[in-house]
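Within every chain, numbering begins at 1; the chains are lettered A, B, ... in the order of the sequence lines, protein sequences first and strands thereafter.
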Amino acid sequence: MKVLDFTVRSNEPLNYQNNLIKVAPADNEPLPDMHPGQFVQVLVSNSGSVFLRRPISINFVDRGKNEMWLLVQRVGEGTRKICEITAGQTLNLIFPLGNSFSIPHKKGRYLLIGGGVGTAPMLFLGKKLNEKGFSAEFLLGGRSQRDILQISEFERLGSVYCTTEDGSLGEKGFVTDHSVLRNNSYDFIYTCGPKPMMMAVARYANTNKTGCEASLENLMACGFGACLCCIEKTTRGNLCSCTDGPVFNINELTWTD
Amino acid sequence: MKVLDFTVRSNEPLNYQNNLIKVAPADNEPLPDMHPGQFVQVLVSNSGSVFLRRPISINFVDRGKNEMWLLVQRVGEGTRKICEITAGQTLNLIFPLGNSFSIPHKKGRYLLIGGGVGTAPMLFLGKKLNEKGFSAEFLLGGRSQRDILQISEFERLGSVYCTTEDGSLGEKGFVTDHSVLRNNSYDFIYTCGPKPMMMAVARYANTNKTGCEASLENLMACGFGACLCCIEKTTRGNLCSCTDGPVFNINELTWTD
Amino acid sequence: MDRLKVNIGKLELQNPVTTASGTFGYGVEYADFIDLNRLGAIFVKGTTLEPRQGNDYPRMAETPSGMLNSVGLQNKGVDYFIERIYPGIREYNTRIIVNVSGSTLEDYVKCSERLEDLDKVPAIELNISCPNIKEGGMAFGTTCQSAANVTKAVRNVYRKTLIVKLSPNVTDIAAIAKAVEDEGADSVSLVNTFLGMAIDAETRKPRLSTVTGGLSGPCIKPIALRMVWQVYNAVRIPIIGIGGISSAADAIEFMLAGSTAVQIGTYNFIDPAISMKVIDGITDYLSRHKLKSVSEIIGKLEV
Amino acid sequence: MDRLKVNIGKLELQNPVTTASGTFGYGVEYADFIDLNRLGAIFVKGTTLEPRQGNDYPRMAETPSGMLNSVGLQNKGVDYFIERIYPGIREYNTRIIVNVSGSTLEDYVKCSERLEDLDKVPAIELNISCPNIKEGGMAFGTTCQSAANVTKAVRNVYRKTLIVKLSPNVTDIAAIAKAVEDEGADSVSLVNTFLGMAIDAETRKPRLSTVTGGLSGPCIKPIALRMVWQVYNAVRIPIIGIGGISSAADAIEFMLAGSTAVQIGTYNFIDPAISMKVIDGITDYLSRHKLKSVSEIIGKLEV
Ligand SMILES: Cc1cc2nc3c(=O)[nH]c(=O)nc-3n(C[C@H](O)[C@H](O)[C@H](O)COP(=O)(O)OP(=O)(O)OC[C@H]3O[C@@H](n4cnc5c(N)ncnc54)[C@H](O)[C@@H]3O)c2cc1C
Ligand SMILES: Cc1cc2nc3c(=O)[nH]c(=O)nc-3n(C[C@H](O)[C@H](O)[C@H](O)COP(=O)(O)OP(=O)(O)OC[C@H]3O[C@@H](n4cnc5c(N)ncnc54)[C@H](O)[C@@H]3O)c2cc1C
Ligand SMILES: Cc1cc2nc3c(=O)[nH]c(=O)nc-3n(C[C@H](O)[C@H](O)[C@H](O)COP(=O)(O)O)c2cc1C
Ligand SMILES: Cc1cc2nc3c(=O)[nH]c(=O)nc-3n(C[C@H](O)[C@H](O)[C@H](O)COP(=O)(O)O)c2cc1C
Ligand code: FES
Ligand code: FES
């Protein structure tokens, strides 16, 4: 973990509420090891009302360009202000934080399910699986066509299935309604997105006795295990979702909703 | 008085610590009447630690371009953040605020003395005097050559004399040491700058029985008479420097140090 | 706009959005920025029996998300108010409520008495919580006994709506609210400023001439909100919530915690039109949440 | 670096910059960011006699220039601390001070007793001011009598440096400081968090599972500073200043107001290296002001 200034290389709006921000260490030092599921804590220094840092997943790491990608959805003041930062400006990050998705040891059918901006860590995970020589399939859900992000990036890494609530892209409905889930069986499922979606995915995985990991988005103050604010009730007691998580095996979770 | 969004037309650094920011109403409505000595209250919306607005004098009004100029010296977080705003961005201002320098009714010798960024309102005042058909002379003081701002603008309006503490421009010393004060007598003196400078100017004016107005820079919370935080002790009791001032006749002031 | 109406004791306000004493002058200071007649009420400047010069400069220091002030109740006294200011503002089509401050119990009583006859002043707010005057002021608001005493004395001479403004600088604000309720206060308003302090590390001097001053602004909101909630659970009289309100959401939070109306103070300095935005925002909230009346949110925190 | 040395009772700290309990884990959480050995001291996590699960999620809400927390002293108990954590951290080359919390007087006494024998824990901080537990906690810190009782009881069994951490949720913090001084406390640390509250207007629910929580961060600094100044004028024992410190200037302000040392809390979350910057900033200040020792600024506010 370190605190480091990054230079924003580009900041590109992907749709009405999501920006893709590419950053590189301001001192040009090579990026350290980072793993899919890990996140960064972004300092929002250009706002009068944001005090705490904001957790954002590592969307992708481009080693060639020594670049890290952040996919940010504007939901409030903090994410809005992050998206206002322009190329050349500085972003101060604490990183890399959290545990990571477990990478399998052998070939198999792996399904990566992302909802909304929860698709962010799935790109990095898909790439890691590819690098290991494993194929990945992606099931992406959103309200409408415009909410499904980075499709062409995902397609480079494996098969992509989509659901939209209005049917404007892929199958109509929620991710867990997609036919791919009925017609196939998977060796492991990874998921990140809104809690109700992840709970539905977990139910599917349980029913089908498929291993499954979910990445939680609990509220965080520090992001590195110091405040105990981000706890998640688990079968092992209250765990920190910033250090013991954000990725949890669904068997450990005691979600009640 | 109104609260209005302005669009920043340009923001140009004049030296290591001063920026000239030109703004125009975002809605393109013509600027209302404004008078030299008046100021604006700038909302600093891009900082995590600035809460109150910052008072900045009206440096110049360019009616042709419907533009107002602000000359800002970076002394702390607020002024630093104001100077970070780039062309095209928005600046929210409350304006025009305060009383103004009294404009004479007949020709005479008028000396406008500014120290540091206190020269800001003098440009607008010099222009107003010119428009009335009166000539103005400017005595500008600073620590060093680079601290004397907008000389060519001033030269367009009248004779310019300078003092610098290190002698790098004009006469060496403080404004009140300048030979022009010994060699001439004036009908009225206007001054704005650091308090010790204005007090020295006031002493000179008193000694020479010259009328004199000074523009104060008291700490302000509101800027429009609502909080009573900015008071100045005067012969008429505690007055608000934001509504009864910022310009005071030195005869009213009870400066003790 | 009936859906915004609220009642503070006998007093009906056209909406719950009012402006806090000492931050809104006599209203006129804001006439360029807003339609004063749209306000629920204006709490005018702290008024004392005798004129007061207030404290020396500097009287203000900026703090994180807030400010300290030590104005010290600068005002020209109640007689000047009645003769010179009241005639000018009595035409407003909103409620004018005078904030009554003092150093002695007698001051409060006499000042309140003189205000009783003003036909367009339907209520007074008893400021027993000003931290910026040497004698009296906050001291009255920090024990149940003294708060009860001053309330009782004023209640004896003042028959219109009596609002008592509480100090947050206490261990148990609910007990004090209870004490003034028991003496016949029609309403409590809370909070006044928190006693705070700022230092200039470079000069080693206090930033205020008075060393300490009153803290206000968004920084105090979480504490003020908690106090409103505690008082709501302790008294039956209506509460006017105050402390760092800077948006309609803030105002609604105060109402959910138990405020019947709110006062906006310091944030008027940042955005002189904030009060209008808060009124509009509350109306919008009611529509979005399909509520008929703003009274449906008062105290309706779901715990 | 002798010029930075300060003494808290019998205890010498290499510099006045320490980190606040509950915001700094056991130190290890920050080992990647800073050299822990440079700290004046580490106040480790609130420790109780028995293990505590803490409160339910959500435990945190952001507020203007601050945050609310209701962690509720989640910890594995004093025995676990002694057996499992202490061996790992006793090698630090800085002072380790344990924050002792409890629900009953007996809890405090027993917990303190067990810590007395730890050779590398030269002091404890008695937390009589936690607003986040149902019983005990803050209640001990809000009256002189109860604060005195718990101090006395612990003083009887604990001979090393005893620091009592005061609650700011009181009318007269100086009186409470005086009461614990009279019972033999070696030092007081202040302030703990302010009881506050946050509401989500849209859902009408409290943002914390516990409804209320403790407010910390820069927002509270002006009040905390005032309290340090008041306590400094009331007691003779050294004060450890706490509340919203986010820069060297803040730390110096607390020292000018009368603190012998300071604790940095919430701001560690924003900048995990802030403590090092504060140490460097104080050194720089001493040089710029041509001061030989940091003790020359303690209580040296020029009023
Ligand atoms: C480990 C982790 C990884 C994340 N990765 C990403 C990512 O890659 N891209 C992305 O856009 N967002 C991500 N998030 C969510 C992001 O942190 C929040 O959206 C952000 O903190 C909201 O801040 P705000 O100021 O914009 O909104 P606020 O004004 O603070 O809140 C707006 C709304 O968002 C909710 N919210 C606030 N904080 C969080 C949070 N930490 N998690 C979930 N909801 C929250 C609030 O309850 C509120 O409803 C991640 C969160 C976590 C914990
Ligand atoms: C009527 C008026 C007109 C002004 N016109 C201009 C102008 O045209 N250009 C310009 O650059 N500045 C002007 N100032 C001064 C400017 O307002 C302050 O420099 C600014 O508020 C400082 O804010 P900050 O956040 O940068 O500094 P802070 O961090 O707040 O303070 C930095 C230093 O500046 C001092 N300071 C803070 N506020 C003021 C203030 N209001 N007046 C004087 N000193 C202050 C502080 O005591 C401190 O020493 C004017 C002030 C007034 C009252
Ligand atoms: C500059 C200033 C002057 C004030 N004067 C008074 C006053 O005269 N009487 C009073 O009861 N409260 C006074 N207050 C307190 C406010 O009315 C209000 O209670 C407090 O500021 C908290 O609200 P806010 O955070 O919205 O400002 C004053 C506050 C400020 C900032
Ligand atoms: C998340 C969190 C947990 C805390 N836990 C404790 C604790 O266990 N014991 C304690 O005495 N104080 C605790 N505190 C209070 C801090 O030690 C400190 O007194 C307070 O946060 C004010 O300082 P700050 O504004 O610098 O954070 C906690 C504060 C926070 C933010
Ligand atoms: S966010 Fe602080 S411990 Fe997880
Ligand atoms: S700054 Fe508020 S009255 Fe002058």
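For the residue pair C:Pro218 and D:Pro64, the shortest heavy atom distance occurs at O-CG, 3.6 Å. Looking at every heavy atom in both residues, D:Ser65 comes nearest to C:Ser65 through OG-OG, 2.5 Å.
In this structure, the portion of D:Leu68 lying under 4.5 Å from any heavy atom of chain C is its side chain and not its backbone. Heavy atoms of D:Val211 lying under 4.5 Å from chain C belong exclusively to its side chain. For a residue to count as touching a neighbouring chain, one of its non-hydrogen atoms must lie under 4.5 Å from one of that chain's; by this rule D:Leu215 touches chain C with the side chain only. Only the backbone of C:Thr203 comes within contact range of chain D, with at least one heavy atom under 4.5 Å from a heavy atom of that chain. For D:Thr142, the parts sitting under 4.5 Å from any heavy atom of chain C are the backbone and the side chain alike.
Within the 4.5 Å cutoff, side-chain heavy atoms of C:His289 are placed close to those of D:Glu202.
Partner of D:Thr171 under the side-chain contact (heavy atoms from CB on, under 4.5 Å) criterion, out of C:Thr143, C:Ile176, C:Thr171: C:Thr171 alone.
Of the residues considered (C:Thr212, C:Ile220, C:Thr63, C:Ile223), C:Ile223 shows the highest number of contacts with chain D, using heavy-atom pairs under 4.5 Å. Note on D:Asp172, D:Leu195, D:Asp200: by heavy-atom pairs under 4.5 Å with chain C, the leading option is D:Leu195. Chain C forms the most heavy-atom pairs under 4.5 Å with one residue out of D:Cys219, D:Ser167, D:Pro222, D:Ala198, and that residue is D:Pro222.
Within residues 249-260 of chain D, the residues that have a heavy atom under 4.5 Å from a heavy atom of chain C are D:Ala249, D:Ile252, D:Glu253, D:Leu256, D:Ala257, listed by number. Using a 4.5 Å cut-off between non-hydrogen atoms, the part of residues 294-303 of chain D that approaches chain C consists of D:Glu296, D:Lys300, D:Leu301, D:Glu302, D:Val303.
Take D:Tyr57 and apply the ring pair (Phe, Tyr, Trp, His ring centres under 6.0 Å) test, not counting sequence neighbours, and it matches no residue. With sequence neighbours excluded, the residues satisfying side chain to side chain contact (heavy atoms under 4.5 Å, CB included) with C:Thr23 are C:Ala20, C:Asn268, C:Phe269.
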